[in-house]
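What follows is a single structure, written as structure tokens, with notes after it.
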There are 2 protein chains.
Amino acid sequence: MPKLGMEPIRKAALVEATIAEIGASGSLDVTVSQIAKRAGVSSALAHHYFGGKEQILQAGMRQVLADFGAKVRAALVASKGPRGRVDAIIAASFEVGNFRRDVVAAWLNFYVLAQTSPDASRLLVVYQRRMHSNLVYALKPLIGVRAPDVARGIAAMIDGVYIRQALHGGTPDSNGARSLVQDYLDMCLRDQA
Amino acid sequence: MPKLGMEPIRKAALVEATIAEIGASGSLDVTVSQIAKRAGVSSALAHHYFGGKEQILQAGMRQVLADFGAKVRAALVASKGPRGRVDAIIAASFEVGNFRRDVVAAWLNFYVLAQTSPDASRLLVVYQRRMHSNLVYALKPLIGVRAPDVARGIAAMIDGVYIRQALHGGTPDSNGARSLVQDYLDMCLRDQA
DNA sequence: AGTTTTTGATTGACTCGTCAATCAATAAAA
DNA sequence: TTTTATTGATTGACGAGTCAATCAAAAACT
């Protein structure tokens, strides 16, 4: 055989190229040839390793989700105390890397895909569940029984702020986004409802 | 055949069919033939009246935006007092019609399009600006100088809650969505920051 | 060590389908 | 007859997926 163990290398390159192409086109209308070309291989090889276009795109999506999850996890282990944990989640959500052209494109098209693809929908639910349970776990010591409700509010606001920032042409304002959500959190903590 | 004055009728039918097809496919990957067929005409006629696919899709998007704007306007004229105006905007945003399959699909794909199409981006900015100024106008009597910031928070939360509801399979919970945002508003009003 | 066999890696060429856009032709008002 | 409405047929381009063939290293064998 030629150089052995090419498969994981090629797959990784194709996944990366997939995300890049999605970013370049802004949509999922990317050809397998484009992806393969960017990865430096033939389109036939992409089919050989992934089986079909659908699976290539799915691998790309999964990668974006995984990257995000890793960022949150890293931020959490470096945090201290309940409030620190919430702040870490918020900060990780608005990290500059998340506003990269290709990452934004991946997320938006992920939403679109989630309407019709059970696979995409399931992945999205997993992400939302993890976000929610992370938030609840951090909020419980701070506000007790109100934690689930506040977590829902924070999660929604993170999504809303993210989309607005992402679509707002020009440099995204990570700090502004973060403080908007943190102000909301502060207010919730101050409030006795 | 030609009964005169068909143009506006056909155009309206094609626009409606466009939105329906976008809803059916969940994406902008709809063929002109599909749209034309649903509208009961040939694809050639669609090209004849609109010039090209791009313009057909754009007309569909503009229609969705216009429908939303009309709903908000209607809710505003029927409202009473500052607080009533804010509630009206929130309620209009989560009206059941906005969760229709095709409307959701249109909005999500609108976001996607806004990344790369200056036209779509411009339309989106117009919508956001109007939303913001409506909110500020209603909030000013309630919280004065804090109005712009709170308006930003409410707008973001509306978007975030909407997306979560829209992508959450099953019947959307209009009331739940509304109360989530209204609770946020109540808290802002109660708060002296 | 040298030869042979095996097999992963890789591609160019091809098939089959689809789709946007165009056009020439037809029909019916004005 | 000039204009408006309307379509079937056609075209030209493009893209997913398949396949047979090639290449080169590694393993097996002598």
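All values below were derived from every heavy atom in this structure, side-chain atoms included, with hydrogens, water molecules and symmetry-related copies excluded. Reminder, nothing fancy here: chain letters follow the sequence lines and each chain counts from 1.
Distance, A/Ile56 CD1 to D/dG15 P: 14 Å, rounded to whole Å. The nearest whole Å value for the distance from the CG atom in A/Leu14 to the P atom in C/dT10 is 10 Å. We find that CD of B/Glu7 is positioned 6 Å from P of D/dA5, with the value rounded to whole Å. The separation between A/Ile9 atom CD1 and C/dT10 atom C1' is 15 Å, rounded to whole Å. Per the geometry, CG belonging to A/Asp29 stands 10 Å off P belonging to D/dA16, to the nearest Å. Separating the CG atom of B/Leu45 from the P atom of D/dT6 is a distance of 5 Å, rounded to the nearest angstrom. The NZ atom of A/Lys53 sits 11 Å away from the C1' atom of D/dC14 (whole-angstrom rounding). If you measure from atom NE2 of A/His47 to atom C1' of C/dG12, you get 15 Å, rounded to the nearest angstrom.
Of the residues near DNA chain D, A/Val32 and B/His48, the one whose nearest nucleotide (by heavy atom distance) lies more toward the 5' end is B/His48.
For A/Arg122 and A/Asp119, the salt-bridge test passes: some basic side-chain N is under 4.0 Å from an acidic carboxylate O. Ion pairing between A/Arg83 and A/Asp87 holds under the 4.0 Å rule for side-chain N and carboxylate O.
Checked against the 6.0 Å centroid criterion, the rings of A/Tyr111 and B/Tyr111 do not qualify as a close aromatic pair.
Considering only side-chain N and O atoms, A/Tyr49 lies nowhere under 4.0 angstrom from the phosphate OP1 or OP2 of C/dG8. Residue A/Arg10 places at least one side-chain N or O under 4.0 Å from the OP1 or OP2 atom of C/dT10.
A donor-acceptor pair shorter than 3.5 Å cannot be found between the side chains of A/Asp186 and A/Gln182.
Using a 4.0 Å heavy-atom criterion, one finds that A/Thr31 contacts the sugar-phosphate atoms exclusively.
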